Amino acid sequence: DPDDLCRLFAMSFSEPGRDDEELRHAVLDYVRAGKASRRKPEWVIVSLKRAIVDAAAARISYRAANELTDRVVRWFIDGYYGSDTSTADRGVELRLSPAPRVT
């Protein structure tokens with residue numbers, strides 16, 4: 001459920017020292033459910049990133065959101081593609097764009 005993920009992402013932001021294991025398992029469950037429902041990987045990753053952005057809304061820095069996004073994308077790849085290779089070895093790095101400036 002995207003709302004549950006959003007709440008877990010918000011908790012991750014509010015408690016930076018918190019262990020990621022619960023969040024990692026929730027992301028993997030979400031990804032696997034999306035794959036089982038034949039959701040395209042693009043849809044799954046976009047919905048995960050949208051939940052991060054929603055959870056981050058005005059609460060944290062872009063740096064913290066980017067760091068969480070990096071971890072979530074790694075978990076997504078592992079969950080969706082069942083990779084045997086560590087994503088750290090592949091150098092996966094995706095970033096959120098900064099919010100547009102309002103003039």
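Numbers here are sequence positions counted from 1. This is a predicted model, so every value here is computed, not measured.
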Practice problem: Output, in order, the C-alpha distance, side-chain angles, deciding distance and verdict of side-chain contact (heavy atoms from CB on, under 4.5 Å) for Y80 and I45. | Solution: CA-CA 10 Å; Y80 199 91; I45 196 73; over 6 Å; no
Self-check item: Stepwise side-chain contact (heavy atoms from CB on, under 4.5 Å) check, D78 with V31
Solution: CA-CA 9 Å; D78 290 342; V31 169; over 6 Å; no
Practice problem: List the steps, then state whether side-chain contact (heavy atoms from CB on, under 4.5 Å) holds for F9 with D54. | Solution: CA-CA 9 Å; F9 291 146; D54 291 347; over 6 Å; no
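Of the possible polar contacts, one joining the S47 side chain to the V44 backbone as a donor-acceptor pair under 3.5 Å is found.
Between L68 and L23 the shortest side-chain heavy-atom distance falls below 4.5 Å.
Minimum interatomic distance between A51 and C6 (heavy atoms only, all atoms of both residues): O-SG, 3.7 Å.
Classification of the Y30-W43 ring pair by plane angle, with boundaries at 30° and 60°, yields parallel.
The distance from atom CZ of R71 to atom CD1 of I52, rounded to the nearest 0.5 Å, is 9.0 Å. Here the straight-line distance linking atom OH of Y81 with atom NZ of K35 works out to 8.0 Å at 0.5 Å rounding. To the nearest 0.5 Å, atoms CG (D20) and NE2 (H25) are separated by 10.5 Å.
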